[in-house]
Asks: 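Take this structure first; my questions come after.
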Amino acid sequence: MNFELTEDQKMIRDMVRDFARKHVAPGVLERDQNGTFPRDLINQLGELGLMGMVYPEEYGGSAADTVSYALAIEELARYDASLAITVASHTSLGTGHLAMYGSDELKKKYLPDMVSGKRLAGWGLTETGSGSDASGMKTTAILDGDHWVINGSKIFITQGTEGEVFVILANTDKAKGAKGVSAFLLEKGMPGFSHGPKMHKLGLRSSDTAELVFENVRVPKSHLIGHKDLGFIQSMKVLEGGRIGIGALAVGIARGSLEDSVQYVQQRSQFGGPIANQQALRFMLADMWVQLEASRDLVLRAAVLKDAGKPYNKEAAMAKLYSSEAAMKICHQGIQLHGGYGYMEEYHVERYYRDVKLCEIGEGTSEIQRMVIARELLKA
Ligand SMILES: Cc1cc2nc3c(=O)[nH]c(=O)nc-3n(C[C@H](O)[C@H](O)[C@H](O)COP(=O)(O)OP(=O)(O)OC[C@H]3O[C@@H](n4cnc5c(N)ncnc54)[C@H](O)[C@@H]3O)c2cc1C
């Protein structure tokens with residue numbers, strides 16, 4: 001077992017860390033307070049090859065491995081989780097679904113602009129009536145000549161207003177439930193395809209979340225992704241990879257909370273000396289560090305398995321479950337260590353605490369991860 005990163009992995013991590021410190025950290029509080037979508041930063045990440053780094057060179061990617069991708073998401077999330085979730089959902093959900101299952105024709109036409117970050121991708125599975133039980137979706141796609149006619153809506157879609165290319169899931173054979181769902185590629189501007197306003201959220205406030213609405217959207221037959229009725233199975237595979245990204249997001253946010261806390265307890269003085277001298281707080285910091293390292297190891301283990309082409313379903317679920325719940329605790333303690341100052345907006349720990357909650361919800365809640373893990377354990 002080798003715990004050493006390769007030179008390439010270290011190079012990517014260090015490059016993203018450097019970029020995040022110089023360009024992402026300044027302005028993060030303002031973006032969060034104003035809900036400003038970080039389009040400029042996305043353009044810069046695109047220029048650095050970080051909006052589709054895991055995809056093949058023929059589409060403009062750098063064929064980086066999943067470990068490098070997870071490290072990059074952690075580095076971005078350390079300073080701005082809103083930016084990190086934008087990159088992660090664009091890369092692993094919308095772009096990922098097309099890259100994994102799309103026809104050569106669709107990939108040639110759309111992937112290069114997605115991989116370069118020129119066009120942001122969104123992914124629509126969730127509906128108002130179907131979240132954890134996504135197979136209960138109501139959106140339909142009916143074949144009419146050379147087109148699929150799509151009707152319905154999707155809720156909580158990341159990049160809902162800023163995205164330009166979307167992969168959405170719809171019923172193509174309602175009677176077959178999950179086995180009658182297919183995936184389609186939609187473009188912003190197709191007649192009948194609209195979105196609601198940006199939704200106001202607890203955290204990740206400068207990321208973009210909105211409803212998508214489809215009213216008789218005519219989608220060319222060629223925009224069916226992969227085989228008809230296999231969209232649900234495709235989605236489960238897409239989410240498997242996505243969970244590594246959410247795990248890395250949790251690790252990045254938690255690291256922010258720990259690093260800020262370490263600095264704060266050494267500066268803050270009470271009872272005649274730095275509060276870092278208080279054993280109760282030292283124990284708290286020690287526990288935070290252990291949980292952070294364990295989380296990262298789980299995330300990277302899932303990434304290593306994915307890169308080796310081995311099954312990683314339960315490992316990705318474990319990584320997401322553990323790291324998001326550990327990050328919740330770490331971010332909670334980060335505020336405690338900062339006392340009243342931690343409750344104030346100008347100290348980042350308050351934002352970490354709000355942002356990190358999404359990690360227990362998005363791409364399958366903690367309860368759904370436990371279902372996935374228990375199913376593997378019990379073989380039923
Ligand atoms: C900021 C944000 C961004 C998102 N981005 C996207 C996106 O880009 N694309 C997309 O498709 N979706 C997206 N989502 C949706 C997200 O994936 C869903 O919110 C999530 O899967 C949960 O679904 P739900 O909200 O309908 O909750 P529900 O499924 O209604 O769950 C409510 C509660 O019941 C629990 N529960 C449900 N079923 C069970 C069960 N069988 N056993 C035990 N507990 C259960 C859940 O764990 C949860 O605690 C996003 C959500 C948020 C908040």
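All ligand and atom numbering here is 1-based and tracks the order in the structure. Being a predicted model, the structure only gives us computed values, none of them experimental.
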Asks: Consider only side-chain N and O atoms of Thr36 and Glu30, and report whether a donor and an acceptor are under 3.5 Å apart.
Replies: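 Looking only at side-chain atoms, Glu30 and Thr36 do not form any donor-acceptor pair under 3.5 Å.
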Asks: Any N or O on Lys201 sitting closer than 3.5 Å to an N or O of ligand 1?
Replies: no
Asks: My question is simple, although I want it checked carefully: is atom 7 (C) of ligand 1 less than 4.0 angstrom from any protein heavy atom?
Replies: yes
Asks: Less than 3.5 Å apart, any donor N or O on the side chain of Glu367 or Ser132 sitting next to an acceptor on the other?
Replies: no
Asks: Given the protein's heavy atoms, is any one of them under 4.0 Å from atom 30 (O) of ligand 1?
Replies: no
Asks: Is Leu358 close enough to touch ligand 1? Criterion: a residue heavy atom under 4.0 Å from a ligand atom.
Replies: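 Leu358 counts as a contact of ligand 1 under the 4.0 Å cut-off.
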Asks: Applying a heavy-atom cut-off of 4.0 Å, say which part of Thr126 lies close to ligand 1: side chain, backbone, both or neither.
Replies: both
Asks: Which option out of Glu367, Lys154, Arg370 puts a heavy atom nearest to atom 48 (C) of ligand 1?
Replies: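 It is Glu367 whose heavy atom sits nearest to atom 48 (C) of ligand 1.
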Asks: Consider only side-chain N and O atoms of His97 and Gln234, and report whether a donor and an acceptor are under 3.5 Å apart.
Replies: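 Yes - a donor-acceptor pair under 3.5 Å links their side chains.
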Asks: How far is atom 40 (C) of ligand 1 from its nearest protein heavy atom, and which residue and atom is that?
Replies: Met371 SD, 3.9 Å
Asks: Show which atoms of ligand 1 fall inside a sub-4.0 Å distance from at least one heavy-atom site of Ile157.
Replies: 7 (C), 8 (O), 9 (N), 10 (C), 11 (O)
Asks: Closer than 4.0 Å to some heavy atom of Thr365 - which atoms of ligand 1 meet that?
Replies: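 In order of number, 22 (C), 46 (C), 47 (O).
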Asks: Among Ser130, Gly163, Ser132, whose heavy atom sits nearest atom 38 (N) of ligand 1?
Replies: Ser132
Asks: Can we call the ring centroids of Tyr264 and His348 under 6.0 Å apart?
Replies: no
Asks: For ligand 1, indicate whether the residue Glu363 contacts it via side chain, backbone, both or neither (heavy-atom separation under 4.0 Å).
Replies: backbone
Asks: Considering only NZ, NE, NH1 and NH2 on the basic side and carboxylate oxygens on the acidic side, decide whether Lys188 and Glu162 come within less than 4.0 Å.
Replies: no
Asks: Hey, which of Arg13, Arg255, Arg21, Lys22 is the one that makes salt bridge (charged side-chain N to carboxylate O under 4.0 Å, His left out) with Glu75?
Replies: Arg255
Asks: Is the count of non-hydrogen atoms from other residues, nucleotides or ligands lying under 6.0 Å from Lys179 atom NZ greater than 12?
Replies: no
Asks: What protein heavy atom is closest to atom 39 (C) of ligand 1, reported as residue, atom name and distance in Å?
Replies: Ile368 CD1, 4.5 Å
Asks: If we ignore angles and hydrogens, is there a donor and acceptor under 3.5 Å between the side chains of Ser182 and Thr172?
Replies: yes
Asks: Tell me: protein heavy atom nearest atom 3 (C) of ligand 1, and distance?
Replies: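 Protein heavy atom at minimum distance: Thr158 OG1, 3.4 Å.
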Asks: Looking only at side-chain N and O atoms, does Thr128 offer a donor or acceptor that is under 3.5 Å from a partner on Lys138?
Replies: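 Absent: no donor and acceptor within the cut-off.
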Asks: Counting both backbone and side chain atoms, is some N or O of Gly362 under 3.5 Å from an N or O of ligand 1?
Replies: no
Asks: More than 12 heavy atoms of other residues, nucleotides or ligands under 6.0 Å from NZ of Lys10: is that the case?
Replies: yes
Asks: Does atom 35 (C) of ligand 1 have a protein heavy-atom neighbour under 4.0 Å away?
Replies: no
Asks: Considering only non-hydrogen protein atoms, determine which one is nearest to atom 24 (P) of ligand 1 and report residue, atom name and distance to 0.1 Å.
Replies: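 Here the nearest protein heavy atom works out to Gly131 CA, 3.9 Å.
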Asks: Counting only heavy atoms not in His147, do more than 12 fall under 6.0 Å of its NE2?
Replies: yes
Asks: Any N or O of Trp123 that comes nearer than 3.5 Å to an N or O of ligand 1?
Replies: yes
Asks: Return a yes/no value for Leu125: is any of its N or O atoms, backbone included, closer than 3.5 angstrom to an N or O of ligand 1?
Replies: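 Yes, there is a polar N/O contact under 3.5 Å.
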Asks: Consider only side-chain N and O atoms of Ser68 and Asp65, and report whether a donor and an acceptor are under 3.5 Å apart.
Replies: yes
Asks: Suppose we measure from atom 20 (C) of ligand 1 to each protein heavy atom; which comes out shortest, and what is that distance?
Replies: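 Sorting protein heavy atoms by distance from atom 20 (C) of ligand 1 puts Ile361 O, 3.6 Å first.
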Asks: Considering heavy atoms of the protein only, find what lies nearest to atom 14 (N) of ligand 1 and give residue, atom and distance to 0.1 Å.
Replies: Phe156 O, 3.4 Å
